[in-house]
Amino acid sequence: VVELRNKLTHLFHLLGINSSREELGRIALESAVVTSDTLSKVEILIDDLGWAIHLQGRTQEGRSNIGKAVAMIENLAVATDADIVRSELAHAKAHRHLAFLAPNENGQNTHLDKCSSIIETLKSRESLMAGFVRQITCDEAQVHHARAFLTARNIGIHVDGRILSGDINSEKLA
């Protein structure tokens, strides 16, 4: 069930079928609990029971599930390079999602700075970059995208595609 979820969750996200994503996530979470697959539990809590629930309008429940995942990651001991990268990229994704759910720019920046720190730590380990450069670089790009998107949203560019004339602060941010 967890493997099926791994293959379908991104497709469900792209198609916007978040209630189905949540339902599959709940079933997969039960399987991950039975098999003691903590990394899968973390990923399910972040995406299927975190972000997908937020997209259905239940932001507090989604935020809570992402917070549970972060607590699990911070107490997780992993041994292999693959599991280190998987857990740290999930950790970065959790904070990226939390940045979008933060009530203000300070909260957004705190979470995005945490993402950047996680990515920089991974990049500093040559053995990880040698084996996982594509995944790490992709997540780094997603952090940059999140920061740019939130900046645009915060200064209102997303509303009509422009900055008010004379708004020097917004121009600098853009």
Side-chain angles (χ1 to χ4, degrees), residues 1-76 82-83 85-116 118-119 134-161:
V1 173
V2 171
E3 286 302 315
L4 178 64
R5 174 261 169 204
N6 292 345
K7 293 182 185 322
L8 293 175
T9 188
H10 190 68
L11 176 63
F12 284 11
H13 170 66
L14 293 174
L15 294 174
I17 50 177
N18 293 304
S19 61
S20 296
R21 189 178 187 200
E22 176 188 355
E23 184 178 350
L24 180 58
R26 291 193 188 284
I27 296 166
L29 183 64
E30 291 177 24
S31 294
V33 168
V34 168
T35 61
S36 300
D37 183 351
T38 304
L39 279 174
S40 289
K41 288 189 281 188
V42 163
E43 291 166 340
I44 292 163
L45 285 168
I46 292 167
D47 286 328
D48 309 307
L49 303 180
W51 192 250
I53 283 175
H54 154 69
L55 292 175
Q56 294 177 75
R58 298 175 2 242
T59 297
Q60 187 54 42
E61 182 183 352
R63 183 184 293 124
S64 175
N65 286 336
I66 296 169
K68 289 175 189 174
V70 168
M72 291 171 73
I73 292 169
E74 291 174 349
N75 293 309
L76 185 62
D83 285 347
V85 170
R86 184 177 168 201
S87 68
E88 289 304 298
L89 292 182
H91 195 188
K93 179 187 269 190
H95 281 287
R96 202 169 61 245
H97 287 339
L98 290 170
F100 278 93
L101 304 180
N104 57 49
E105 289 180 50
N106 286 338
Q108 293 169 2
N109 289 328
T110 297
H111 287 294
L112 291 175
D113 290 347
K114 181 67 176 170
C115 291
S116 295
I118 291 166
I119 298 297
R134 184 181 59 79
Q135 295 96 318
I136 294 168
T137 304
C138 181
D139 266 51
E140 181 179 33
Q142 289 181 5
V143 174
H144 291 305
H145 174 265
R147 195 174 299 274
F149 182 90
L150 288 170
T151 298
R153 186 178 79 181
N154 291 342
I155 62 177
I157 292 175
H158 70 293
V159 176
D160 62 7

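Note that the numbering runs from 1 along the sequence shown for the chain.
In terms of heavy-atom proximity, L98 sits nearest to V70 at CD1-CG2, 4.3 Å. Minimum heavy-atom separation, I53 to G62: CG2-N, 3.7 Å.
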**Message:** Pair M72, L76 - check side chain to side chain contact (heavy atoms under 4.5 Å, CB included), show working.
**Reply:** CA-CA 6 Å; M72 291 171 73; L76 185 62; over 6 Å; no
**Request:** Begin with the C-alpha distance, continue with both residues' side-chain angles, and end with the deciding distance and a verdict on side chain to side chain contact (heavy atoms under 4.5 Å, CB included) for N65 and E61.
**Result:** CA-CA 6 Å; N65 286 336; E61 182 183 352; 4.2 Å; yes
**Item:** Step-by-step salt bridge (charged side-chain N to carboxylate O under 4.0 Å, His left out) determination, R147 to D113
**Value:** CA-CA 10 Å; R147 195 174 299 274; D113 290 347; 3.2 Å; yes
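R26 is not listed as a side-chain neighbour of L29, based on a closest heavy-atom distance of 4.5 Å or more. Proximity of C138 to Q142: side-chain heavy atoms (C-beta onward) are separated by under 4.5 Å at one or more points. The closest side-chain heavy-atom distance from L45 to I66 is not below 4.5 Å. R96 has its side chain out of reach of H111: every pair of non-hydrogen atoms, C-beta onward, lies at least 4.5 Å apart. Within the 4.5 Å cutoff, side-chain heavy atoms of I73 are placed close to those of I46.
Side-chain polar atoms of R86 and S40 form a donor-acceptor pair below 3.5 angstrom. Judged by distance alone, the side chains of E43 and N6 never bring a donor and an acceptor atom under 3.5 Å apart. Under the 3.5 Å distance criterion, with hydrogens and angles disregarded, a donor-acceptor pair is assigned to the side chains of D48 and T9.
Within the 3.5 Å criterion, the main-chain N or O of A32 finds no donor-acceptor partner in the side chain of S36.
Annotation: side chain to side chain contact (heavy atoms under 4.5 Å, CB included) contacts of E30 (sequence neighbours excluded): none.
Each ring-ring contact (aromatic ring centres under 6.0 Å, His included) pair with one or both residues in residues 54-73, not counting sequence neighbours, appears once here: W51-H54.
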